[in-house]
**Student:** 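Once you've had a glance at the structure underneath, I'll fire off some questions.
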Amino acid sequence: MAPSMRALLPLALVCCQAAALTTSKPRVRTRTKTLVATMVFPDDEIPVDLMMEHHLRMVSSNMSILQGAIIDNRPPWGEMKSNQEPLLGRYRRSQDGTGVVRVKRVDYSNLSTLITRFFSSEEISLHAKTVNLAADMPTNVSKLDEKANAARMLGMLNFLELCADAEADVDLCIYMDSTTFVHRSNDTGIVEQAVKVFQQNPQAVVLNPPDMCTYTKATQNSVCKAGNVTSGINHGFFVVNRDRFEGFAPMPVESVGLGSVFEELLAEGLTKGGVEGPVKQIRCGGAFAIHPYDTSLGRYACSSQRQLGLSAHSQAATSRAGSARDAGIFSEDYARFPGGGLRAKGLAALIERFEAGKFPEAKPMDSLTNKCNNMCPSKERIRDGLAW
């Protein structure tokens with residue numbers, strides 16, 4: 001071998017070894033990938049597109065990768081024509097292309113398959129008489145009578161299916177009601193909070209988000225940690241660690257049926273899975289979630305007895321000046337909703353105020369109710385430019 005070739009041989013070996021090390025080194029992802037899902041019913045009064053876009057903007061900063069999913073829940077005993085149809089159609093047309101939000105229609109014939117996939121029990125009661133009755137359909141399925149509860153149960157099982165069958169690199173799954181509001185005051189959203197709290201608590205599988213009171217206190221004290229849960233899994237917003245949840249299903253429960261409350265069933269199954277403290281509360285500053293006023297809370301839930309549900313709340317936020325997002329609102333898309341395009345513009349204005357942090361001081365029974373989980377809207381505060 002020529003001297004020049006012998007001189008080059010060691011260098012070539014070093015280069016090959018370096019290349020082999022580079023090739024074999026596992027790729028480390030620095031950005032969390034999260035599935036954000038919500039659910040709609042045919043008679044919903046709140047446009048899902050405005051709320052889904054709000055959720056995707058506020059649940060995380062650009063440090064995370066987000067995918068959206070809308071569970072289209074149309075119970076077979078009710079009206080199949082949905083107020084949301086023009087908006088869902090827009091998402092369906094884009095979901096196979098560049099769209100980030102997909103629409104999943106609930107298949108009611110799949111009920112028993114999904115229940116046995118995620119829960120195991122000697123008492124599984126799926127009597128068809130509950131879901132086949134067409135008479136006395138509630139005017140609003142969110143009023144959880146027997147049939148509405150069955151509809152929500154199947155919808156939430158579809159959320160678990162979306163989470164379990166998501167792309168392999170999805171880390172977190174978030175469910176939030178289509179009427180839930182989310183705020184972040186900086187680059188740290190609830191996704192980033194959840195990542196940190198899950199790292200601190202390797203036994204945690206599900207996290208509740210901070211409420212406004214927790215957010216306020218944690219911001220003042222500059223803390224971010226997990227707290228114990230005293231009232232179960234939040235019915236309108238919770239975060240699932242996908243890898244940890246995978247090992248639990250099917251989850252053992254005493255009994256499961258159409259009358260079961262999904263969040264209670266999930267908490268029971270996780271607790272019986274042999275892990276201590278699988279459900280935790282995020283206690284961090286920088287971001288929080290809150291639900292609108294709900295008439296089921298009762299007339300004395302807030303100091304003012306004349307409270308505004310979200311539909312009336314949005315109407316109160318409507319102003320002639322309008323919202324910066326008005327340009328993207330086509331009134332025809334909202335013709336099926338009460339108040340039509342004008343109400344949609346009011347909701348856009350409300351969202352804009354909320355995202356800008358224009359909300360009142362956290363005061364239970366005055367600006368907040370239900371352990372700081374729901375708003376107490378005030379027409380006077382709304383008139384003065386606050387979100388509620």
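By convention here, the first residue in the shown sequence is residue 1.
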**Student:** With no hydrogens and no angle check, is any side-chain donor or acceptor of Asn158 less than 3.5 Å from a backbone partner on Val106?
**Tutor:** no
**Student:** Between the side chain of Arg184 and the main-chain N/O of Ser60, is any donor-acceptor distance below 3.5 Å?
**Tutor:**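 Answer holds: yes.
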**Student:** Is there a donor in the side chain of Glu192 and an acceptor in the side chain of Ser64, or the other way round, less than 3.5 Å apart?
**Tutor:**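 Side chains of Glu192 and Ser64: pair found under 3.5 Å.
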**Student:** To the closest 0.5 Å, what do you measure between CD1 (Ile174) and CD1 (Ile190)?
**Tutor:** 7.0 Å
**Student:** Using a 3.5 Å distance criterion without hydrogens, assess whether the side chain of Gln84 forms a donor-acceptor pair with backbone atoms of Pro47.
**Tutor:** no
**Student:** Is a donor on one side and an acceptor on the other found under 3.5 Å between the side chain of Thr38 and the backbone of Met176?
**Tutor:** yes
**Student:** Would you kindly confirm whether Val261 and Ile115 end up in one hydrophobic cluster when ILVMFWY residues are joined by side chain heavy atoms under 4.5 Å apart?
**Tutor:**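 No; tracing contacts between hydrophobic side chains, which count when under 4.5 Å, never links both residues.
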**Student:** Please determine whether side-chain contact (heavy atoms from CB on, under 4.5 Å) holds for the pair Val197 and Asn201, giving the CA-CA distance in whole Å, both sets of side-chain angles, and the decisive distance to 0.1 Å.
**Tutor:** CA-CA 6 Å; Val197 172; Asn201 299 267; 3.7 Å; yes
**Student:** Taking the side chain as every heavy atom from C-beta outward, state whether Asp49 and Val101 have any atom pair closer than 4.5 Å.
**Tutor:**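 They are not in side-chain contact.
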**Student:** Is there a side-chain contact between Glu355 and Phe181 in this structure, where contact means two heavy atoms from C-beta onward sitting under 4.5 Å apart?
**Tutor:**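 No, every pair of side-chain atoms sits at 4.5 Å or beyond.
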**Student:** Checking Ser82 against Arg74: is there a side-chain donor and acceptor pair closer than 3.5 Å?
**Tutor:**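 No.
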**Student:** Donor-acceptor pair, Asn374 side chain versus Pro292 backbone, under 3.5 Å?
**Tutor:**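 Indeed, once roles are kept as given, a pair shorter than 3.5 Å links the two residues.
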**Student:** Within the 4.5 Å heavy-atom criterion, are Lys81 and Pro42 side-chain neighbours or not?
**Tutor:** no
**Student:** With the threshold set at 4.0 Å, does a side-chain nitrogen-carboxylate oxygen contact exist between Lys104 and Asp165?
**Tutor:** no
**Student:** Any salt bridge (charged side-chain N to carboxylate O under 4.0 Å, His left out) pairs touching residues 245-255, not counting sequence neighbours?
**Tutor:**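 Passing the test, one end in residues 245-255: Glu254-Lys272.
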**Student:** Is a donor from one side chain sitting under 3.5 angstrom from an acceptor on the other, for His291 and Asn234?
**Tutor:** yes
**Student:** To the nearest 0.5 angstrom, please state how far the OH atom of Tyr215 sits from the SG atom of Cys372.
**Tutor:** 13.5 Å
**Student:** Mark yes or no for whether Arg242, through its side chain, and Asp171, through its backbone, hold a donor-acceptor pair below 3.5 Å.
**Tutor:**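 No, because the side chain of Arg242 does not come within donor-acceptor range (under 3.5 Å) of the backbone of Asp171.
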**Student:** Does any N or O in the side chain of His313 come within less than 3.5 Å of the main-chain N or O of Ala387, such that one atom is a donor and the other an acceptor?
**Tutor:**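 At least one qualifying donor-acceptor pair exists.
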**Student:** Give a yes or no on whether Leu308 and Met212 share a hydrophobic cluster (residues Ile, Leu, Val, Met, Phe, Trp, Tyr; joining criterion: side-chain heavy atoms under 4.5 Å apart).
**Tutor:**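 The answer is no; the residues belong to distinct hydrophobic clusters.
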**Student:** Any side-chain heavy atom of Leu50 sitting closer than 4.5 Å to one from Ile351?
**Tutor:**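 Yes, close enough: below the 4.5 Å cut-off.
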**Student:** Give a yes or no answer on whether the side chain of Ser185 reaches the backbone of Gly286 with a donor-acceptor pair at less than 3.5 Å.
**Tutor:**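 Yes, because the side chain of Ser185 sits within donor-acceptor range (under 3.5 Å) of the backbone of Gly286.
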**Student:** Do Arg117 and Leu157 have side chains that approach each other closer than 4.5 Å (heavy atoms only, starting at C-beta)?
**Tutor:**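 Arg117 does not reach Leu157 side chain to side chain.
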**Student:** Decide side chain to side chain donor-acceptor pair (under 3.5 Å) for Asn228 and Lys280; before the verdict, give the C-alpha distance in whole Å, the side-chain angles of both, and the deciding distance to 0.1 Å.
**Tutor:** CA-CA 5 Å; Asn228 293 326; Lys280 293 290 185 181; 3.0 Å; yes
**Student:** Check the pair Phe359 / Phe288 against ring-ring contact (aromatic ring centres under 6.0 Å, His included), numbers first and verdict last.
**Tutor:** CA-CA 12 Å; Phe359 33 74; Phe288 70 93; 5.4 Å; yes
**Student:** Check whether any side-chain heavy atom of Leu87 sits under 4.5 Å from a side-chain heavy atom of Phe337, and report yes or no.
**Tutor:** yes
**Student:** Is the backbone of Leu258 close enough, under 3.5 Å, to the side chain of Asn149 for a donor and an acceptor to pair up by distance?
**Tutor:**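 Side chain of Asn149 to backbone of Leu258, a donor-acceptor pair under 3.5 Å: yes, one is there.
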**Student:** Show, in sequence, the C-alpha distance, side-chain angles and deciding distance for Thr179 and Asp177, and conclude whether the side chain to side chain donor-acceptor pair (under 3.5 Å) test is met.
**Tutor:** CA-CA 5 Å; Thr179 56; Asp177 282 348; 5.0 Å; no
**Student:** Should Glu268 and Leu265 count as side-chain neighbours, where that means a heavy-atom distance under 4.5 Å?
**Tutor:** yes
**Student:** Going by the angle between their ring planes, with limits at 30° and 60°, are Phe159 and Phe238 parallel, tilted or perpendicular?
**Tutor:**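 Perpendicular.
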**Student:** Could you check Arg92, Arg105, Arg336, Arg90 and say which one makes a salt bridge (Lys or Arg N to Asp or Glu O under 4.0 Å) with Glu85?
**Tutor:**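 In the set Arg92, Arg105, Arg336, Arg90, the residue that makes a salt bridge (Lys or Arg N to Asp or Glu O under 4.0 Å) with Glu85 is Arg92.
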**Student:** Any side-chain to backbone donor/acceptor pair from His183 onto Phe354? Under 3.5 Å, distance only.
**Tutor:**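 A pair under 3.5 Å: yes.
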